[in-house]
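Okay, structure first, notes after.
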6 protein chains.
Amino acid sequence: MNPVLAAGNEIEYRFCDGSANFTRSSYAEHMNSVLMMDQAIRAEEDGFDGVFLGCWNDPLWETREVLSIPVASVGEQSMLAAMAMGHRFAVVTVSRKTAIAIERDVLAYGFGERAIARPVRSISPESDGGLLMSAVTDPVREFIPRFEQAALTCIADGADVILVGCAYFGPLLRRVGYTHVADTGVPVVDSTTVAIKYLEAMIGIARTTSLTKSMGPTFKTPDRDKVERARQAVAGARTWF
Amino acid sequence: MNPVLAAGNEIEYRFCDGSANFTRSSYAEHMNSVLMMDQAIRAEEDGFDGVFLGCWNDPLWETREVLSIPVASVGEQSMLAAMAMGHRFAVVTVSRKTAIAIERDVLAYGFGERAIARPVRSISPESDGGLLMSAVTDPVREFIPRFEQAALTCIADGADVILVGCAYFGPLLRRVGYTHVADTGVPVVDSTTVAIKYLEAMIGIARTTSLTKSMGPTFKTPDRDKVERARQAVAGARTWF
Amino acid sequence: MNPVLAAGNEIEYRFCDGSANFTRSSYAEHMNSVLMMDQAIRAEEDGFDGVFLGCWNDPLWETREVLSIPVASVGEQSMLAAMAMGHRFAVVTVSRKTAIAIERDVLAYGFGERAIARPVRSISPESDGGLLMSAVTDPVREFIPRFEQAALTCIADGADVILVGCAYFGPLLRRVGYTHVADTGVPVVDSTTVAIKYLEAMIGIARTTSLTKSMGPTFKTPDRDKVERARQAVAGARTWF
Amino acid sequence: MNPVLAAGNEIEYRFCDGSANFTRSSYAEHMNSVLMMDQAIRAEEDGFDGVFLGCWNDPLWETREVLSIPVASVGEQSMLAAMAMGHRFAVVTVSRKTAIAIERDVLAYGFGERAIARPVRSISPESDGGLLMSAVTDPVREFIPRFEQAALTCIADGADVILVGCAYFGPLLRRVGYTHVADTGVPVVDSTTVAIKYLEAMIGIARTTSLTKSMGPTFKTPDRDKVERARQAVAGARTWF
Amino acid sequence: MNPVLAAGNEIEYRFCDGSANFTRSSYAEHMNSVLMMDQAIRAEEDGFDGVFLGCWNDPLWETREVLSIPVASVGEQSMLAAMAMGHRFAVVTVSRKTAIAIERDVLAYGFGERAIARPVRSISPESDGGLLMSAVTDPVREFIPRFEQAALTCIADGADVILVGCAYFGPLLRRVGYTHVADTGVPVVDSTTVAIKYLEAMIGIARTTSLTKSMGPTFKTPDRDKVERARQAVAGARTWF
Amino acid sequence: MNPVLAAGNEIEYRFCDGSANFTRSSYAEHMNSVLMMDQAIRAEEDGFDGVFLGCWNDPLWETREVLSIPVASVGEQSMLAAMAMGHRFAVVTVSRKTAIAIERDVLAYGFGERAIARPVRSISPESDGGLLMSAVTDPVREFIPRFEQAALTCIADGADVILVGCAYFGPLLRRVGYTHVADTGVPVVDSTTVAIKYLEAMIGIARTTSLTKSMGPTFKTPDRDKVERARQAVAGARTWF
């Protein structure tokens, strides 16, 4: 396979310090996001040029507000890319609950007009530990048929681009060469890879134009001491003990 | 003044265990929400019939998911009430950043068609500690003129109901009898009071019909041990230390 | 069953003085509305604290304009309640023509974003006199299966709350304990009951805050003599004779 | 002036049998509509080829349902024409209350995307009896300046076609040769005249193709005896006496 | 059959001077449009009162800008007519690619709210030369069954008016008396005929009121010499040789 | 200034073979597009990796259909970038007519929710030859003040990112260091530069994943001989001679 990153660029994988280990809940997602944002803050302190949030359940806008370097997510960037590839996209994901979280993003980002009705759909039966494991060694036997079944309903409803709604399964599918829904000409987009390429563009733009984000009211970076105070409020709450 | 609560009902005020003390940031709001949700979880454990999130910056949908009793917020309930009072509402709030957070809710709740364009507007200059203090003893001299100025631009753009976009200022305005924008017939709604009345209705519905919320995929209550694990993930993260 | 009304509250049932007896026509609905509004005007004159329009085919906004006391309808109030219970609601009703009238309300109220596509659906075959009668004694055998069939298509299209689109069938279903669509966690809401609880909240708000409705241009109460002149114009038209 | 009607066509003016005489109320408008529909029913019985509802406050969809001949209104037909003349239209009307009624139609007809924001605006001060009288003899001195003032705000907000939001003032303006808002190239459309031309087209289509309206569920003509029963219900209601 | 044109009106058929002969491509459609616009410009020079673009793939807005006489198209005018006939229309057309072009118009014209979801659908299998030929002599055996199959899915999704999405097949269907989708009351509209009747109305309006189109920024006629320069730029480009 | 292109990438500027030389007309734009598409087709034949349409008046979707390599435009790519930089963008352009063309794209791309109301605004007075020339040597004295005046109205209406709506002025502004609207924190984005960085990402994605565009019905590349036939139809039309 061709390398994903442009020559000279590197990614360092970092993991959250602890995890709710259960993303199929808005509450748990909110708690995980606290830990993701903390890693993002550290990454900026450590001098990285940009941050990539490697899960579709992400605190994108909050992280973008709090950092001064480009922040990309699997979700936002791959949806932007999808809109430059086709007319209407859909996201096929791994559970009904994940579908709900992603659909909320589609709406919040205002991308509904470029997505099909009910734009995020889950494979059925939903993914579980077994599927996750089996897909590493062989996504062809079990995962792809379930994925394709959901993708075909999306295409019947007007989708001409399918995003893989999982940062983890995307590269697995690409590795085995699964790039189009059978006989339809509709691409199956490894959203992780595509989103990383867009982050490179964002970093390039920051270098060339010095523009990273708007400093208008929505995304203006708050003072670092106020950010720290918010961190300490959660860290020090007696409620945890 | 007439009592707010129906005979036999009581409210117990509870405060977060610590606070980011700075809500004019999406990040800080996210952190405060962790603490608000924790209080909500405790309140249900302590046997309350319903929970009221007493700030417009709220984690409403996450809390509603995680609890089995009715959860109301100043924002959602007062907007529902506004839609039964007039044709198009607007929210006048205390800072541009708060306006952004509330506008995000207006969109997420899908209420944009019933609100004016740019439905949430801030007083100018924004509220600060001085205004906050002065408004307790005398909102008439400083706060109301600023509020009314913003409210009048909303009315010029089609609003016929104005919600006070702050859980704290609403009752203060009501106490001094400020109930309408001068000569317009447009009510200034103490959103806190109105929202509490709607929570009473929600609790009444739960009693009469046994229905509190949908147990479909968006709001299905996750298992309590998974909630606890998510709490512990944040509480135990070494990142804080 | 628990009582619907809060302690101390009472409902008086009043019927229209004559009826077009055929609501499956926009024209007939318009004519029936004349009679409903007339009863509402009388109710206010008789000193009631609020008016409940007990049919989904209702002249809500016209009645709200003409009265000074809170006016609720099965439709508006139950849809507001549904939006505080789930993510996207649907209404299952008794005929295709009723579905059209209710869908027009969903749009006029601007609630489309919180409802599914084609948000109002009819049981099939449509309700007729026989079904109406049989449902009083036994809704389980005939009515509920038809209802559930329509409800399941709504759920497949994303609904997580189902409103009973008929003021009459709602309480019948509640009485026999039919509260959820089989195995889905999706509540079947007796809209009549729920809407009455919301009317209680509206009356409570009017008492506590003195606010009933906006007196902006949409809902400003017209002078009573002009209302009376409009009544007399219809009453005295030679056209009827 | 050129004749409005095509050669061979004739209009017979008919007036309602009584009138609420006060259209600046939704309630009064509802009552007037009863009388308008009654005239429309008679006109069909008398053998006319089509019916024109000569006021922007109209019961268009109800009348279209109940008749089998083409039914046109000033509002719907002139808005259709406006969409074939320019990009975004606005309606300038004679009072704030009329503006509300017309805006409701713009939304119900789903024409919002082709109209400007707040698409219906009133002259200020509103029209009254004096203006009405003076405009018959001389609209230039008083009416046109007020009209143009409102029209210019519409143009500033993107309108490129202005409809006269009153069936009565439209022809008056045309008679004095007022056809464009000063120096803007934006036409001022006599909506009455334009709408009548569209009704001619509708009648022509009915003759050529035999198609008048859909007989699907929204507009299917109800049985005449049921219509008559609805008429009698209102006519015979003791409430009037 | 009744004559389509009003007494005294005549149509002259004119054909493009050359053709890409392949409309199932946006690129080819763009090239064909150059030739259609050229004919339209000539027609105005030749003194016609209006121009009718006789194909659903049309450069309507560009042609309307460049001419001073009324310009109608099968698409726009028949959709306007459909909105005065029913509640929600759909277009059934002859290929998936044509469907895409027409759907783009539905969106550009802002008519989406009055059309069903996925408002333009193709017969399947798509039309080809054989079907085209066979339909001239006998549309009943092959074409109508395919058409009706697509139309029925539209009706199931809420359509109550079906437009024939082809200027050519519309009159053929009308000639054999196919005017309604079986047993549904839903009209099948020969869009060509209907659109021509609307063009007559537009010409009538131009005669009576002297208004043809807005001269605001969207449709203001450019100077003829600039139009000619644009023509020459394409005509003289060495690229072609 | 930092280089725009990543190391190893090169741009070759190519110009249309002739020009309508007058883009302030939809008709002229359509004719120019013919020439732009022709250059794009040649560029692919000449082996380039991607095509950049260097003017906001562009035939993006038609060109994307007809080519097999990535096609970017100033408009689409800079709007995508804007949505990853702020909450709501606006485009400030050089004439009212250009504003209309760009606004049509905003709508066609479905980006309206992420842009302000009336999202594209022109400097006033409009740009002419003099301004164009003066801006090359000194945009500060004349162009920037006009630009900033328009930008400030956009910011007042909620914009937090401003795109320069002209491929030519964007780099000029960047060269003189004009990157933010005075004191607002709102970036002024040189859309040309940003869009080129996105094209690099698109080419990178094509290399890494082999995905360039959807081959679903909207963007499926037509056979080259059919494209050639369409070219010849225009080239050979006698109409030109």
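In what follows, chains carry the letters A, B, and so on, assigned in the order in which the sequence lines appear, proteins first and then strands, with residues in each chain numbered from 1.
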Are more than 12 heavy atoms, taken from residues, nucleotides or ligands other than F:R229, located less than 6.0 Å from that residue's CZ atom?
yes
Which donor-acceptor pairs under 3.5 Å do the side chains of residues 180-189 of chain F make with protein atoms, sequence neighbours left out?
residue	atom	partner	partner atom	Å
F:T184	OG1	F:V181	O	2.7
F:T184	OG1	F:V186	N	3.1

Considering only heavy atoms, give the residues of residues 137-158 of chain D separated from chain F by less than 4.5 Å, sorted numerically, with 'none' for an empty result.
D:A156, D:D157, D:G158
Only pairs at least two apart or in different chains count here, so list each side-chain hydrogen bond (donor to acceptor under 3.5 Å, both in side chains) that has a residue in residues 67-77 of chain D.
D:R64-D:E76
Inter-chain contacts: residues 111-131 of chain F against chain D, heavy atoms under 4.5 Å:
F:R118
Answer with side chain, backbone, both or neither: which region of F:L107 has an atom nearer than 4.5 Å to a non-hydrogen atom of chain D?
side chain
